[in-house]
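A quick write-up on the structure given underneath.
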Amino acid sequence: MRTVVVTDPPRADVGDAETLGTFGAATVHEALGRVGYLGPEFRPAWPGARMGGTAVTVLCWPGDNLMIHVAIEQCRPGDVLVVATNSPSTDGLFGELFATALAHRGVRGVVLGCGVRDVAELREMGFPAWSRVVSAQGSVKATAGAVNVPVVLGGQVVHPGDVVVGDDDGVTVVPRADVPRALTASRARLDKEAVNRAAFQRGELGLDRYGLRDRLPEFGIEYVKYEEYVEGTP
Ligand SMILES: O=C([O-])CC(=O)C(=O)O
Ligand SMILES: [Mg+2]
C-alpha cells in the first residue's frame, strides 16, 4: 500500500448526494438493484441521524488515527468521511473533537469500519456518525496510511467521490457513475411505494396487489383448516 494523500479527486454532485440522503439507505439500495449496502453492523451513533454526501476515504492502522487528522484537511463542504482500517479493529478512532473540525468544514457525517466514541456529544452536536461499535478505546497518532484511495467497508468498495447515504437503517454507497440512475430509480420507487401505501391504507392486501394470490400453488403454499391440520399432525 502506498502512503499517499490524493488531493481533489472528482466527486459526485453534492446536491445529488443530499437528495439521495433524503431518500434513505434502504430506498437507494433497493433502487440500485439491492446493492451498495454496508450491512446491518453499521449503526448510527444516535437515532435519527440522516445524511447524504460525497466520500473522502481514509485508510488507518488499527488503534491509530493519524490519517484522520491528515484527511480532514482534504474535506470539502458536502463530503462524508469514510474511515477503514487495514486490519479489523473496534477501537474508538473518532469522537467529538474530530466531529467539531469536520462540522466546521461543512462535512455531513462520518462512517467508520471501526469504533466511535463521545456518542452523547455527537448526538448533542447533531453530527451524523455510523460505526460497527461504540468504544472508548483511545488511539495513537503514529502510522502512515492513505487518504482518497479506494477502501472496502462492509464488503463494498468505496471510491473517493462516491455518494454515501446514511440513516437509521444503515449506510448505502452509490458509485459516482451510478448517481443519475440512483436518483431516477429511487424517485420511481418512492412514487410506487406512495401508491401502494395508499392501497394498504384502504385495506388492500399485498397478496392481491402484487398478484401473489394466483401464484400461491406455484410456491407450493396450500391452505388447511385448523381441524384438518391438527388431525394430520402426529
Ligand atoms: O481524539 C481522539 O482520539 C478521538 C476523539 O475522542 C475525538 O475526536 O474527540
Ligand atoms: Mg474525544
Side-chain angles (χ1 to χ4, degrees), residues 3-22 25 42-61 63-85 91-149 151 153 158-168 171 173-174 176:
T3 54
V4 290
V5 177
V6 179
T7 59
D8 289 318
R11 60 176 182 169
D13 181 89
V14 292
D16 288 348
E18 189 171 18
T19 303
L20 288 171
T22 65
F42 284 79
R43 301 301 307 144
W46 47 274
R50 176 178 277 269
M51 53 122 212
T54 44
V56 168
T57 62
V58 193
L59 188 58
C60 289
W61 281 68
D64 190 325
N65 60 14
L66 169 67
M67 294 315 288
I68 299 181
H69 287 282
V70 175
I72 286 176
E73 190 179 29
Q74 301 305 318
C75 290
R76 298 171 277 184
D79 281 336
V80 170
L81 195 67
V82 176
V83 181
T85 53
D91 296 341
L93 250 54
F94 183 100
E96 52 100 10
L97 287 178
F98 276 138
T100 302
L102 288 177
H104 180 76
R105 299 183 77 81
V107 171
R108 294 178 180 161
V110 66
V111 178
L112 299 136
C114 52
V116 72
R117 65 183 193 178
D118 306 333
V119 163
E121 288 84 353
L122 293 175
R123 186 178 57 233
E124 271 162 36
M125 291 170 69
F127 190 83
W130 284 258
S131 67
R132 273 187 215 281
V133 295
V134 174
S135 171
Q137 178 63 53
S139 313
V140 298
K141 304 173 207 330
T143 320
V147 175
N148 281 330
V149 299
V151 297
L153 273 193
V158 187
H159 290 89
D162 286 351
V163 169
V164 183
V165 170
D167 62 17
D168 286 303
V171 178
V173 175
V174 183
R176 193 160 58 94

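We're numbering straight along the sequence, starting at 1.
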Is [Y] close to [X] at the side-chain level, that is, under 4.5 Å between some pair of heavy atoms?
X: Asp16; Y: Val163; value: no
X: Val164; Y: Met51; value: yes
X: Val111; Y: Val158; value: no
X: His159; Y: Thr57; value: no
X: Val147; Y: Glu73; value: no
X: Phe42; Y: Arg132; value: yes
X: Val58; Y: Phe94; value: no
X: Glu96; Y: Glu124; value: no

Looking at every heavy atom in both [X] and [Y], which two are closest together, and how far apart are they?
X: Val83; Y: Cys60; value: CG1-SG, 4.0 Å
X: Val82; Y: Ala55; value: CG2-CB, 3.9 Å
X: Thr54; Y: Gly161; value: CG2-O, 4.0 Å
X: Pro77; Y: Val14; value: O-CG1, 3.9 Å
X: Pro47; Y: Asp168; value: CA-OD1, 3.4 Å
X: Val107; Y: Cys75; value: CG2-CB, 3.5 Å

Pair Asp79-Arg11, side-chain contact (heavy atoms from CB on, under 4.5 Å): steps then yes or no = CA-CA 9 Å; Asp79 281 336; Arg11 60 176 182 169; 2.9 Å; yes
Side-chain donor-acceptor pairs under 3.5 Å in residues 137-144, sequence neighbours left out?
{"unit_1": "Lys141", "atom_1": "NZ", "unit_2": "Asn65", "atom_2": "OD1", "d": "3.2"}
{"unit_1": "Thr143", "atom_1": "OG1", "unit_2": "Asp64", "atom_2": "OD2", "d": "2.7"}

From [atom1] ([X]) to [atom2] ([Y]), nearest 0.5 Å:
X: Leu93; Y: Thr85; atom1: CG; atom2: OG1; answer: 7.5 Å
X: Leu97; Y: Ile68; atom1: CG; atom2: CD1; answer: 12.0 Å
X: Leu122; Y: Ser131; atom1: CG; atom2: OG; answer: 9.5 Å
X: Arg176; Y: Asp13; atom1: CZ; atom2: CG; answer: 11.5 Å
X: Leu153; Y: Leu112; atom1: CG; atom2: CG; answer: 8.5 Å
X: Leu102; Y: Arg108; atom1: CG; atom2: CZ; answer: 13.5 Å

State which residue, out of Val6, Val149, Asn148, Asp8, fulfils the side chain to side chain contact (heavy atoms under 4.5 Å, CB included) condition with Pro160.
->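 That would be Asn148; it is the only one of Val6, Val149, Asn148, Asp8 passing the side chain to side chain contact (heavy atoms under 4.5 Å, CB included) with Pro160.
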Any donor-acceptor pair under 3.5 Å from Trp46 side chain to Phe127 backbone = yes
Examine distances only and state if a side-chain atom of Arg50 and a backbone atom of Gly21 form a donor-acceptor pair shorter than 3.5 Å.
-> yes
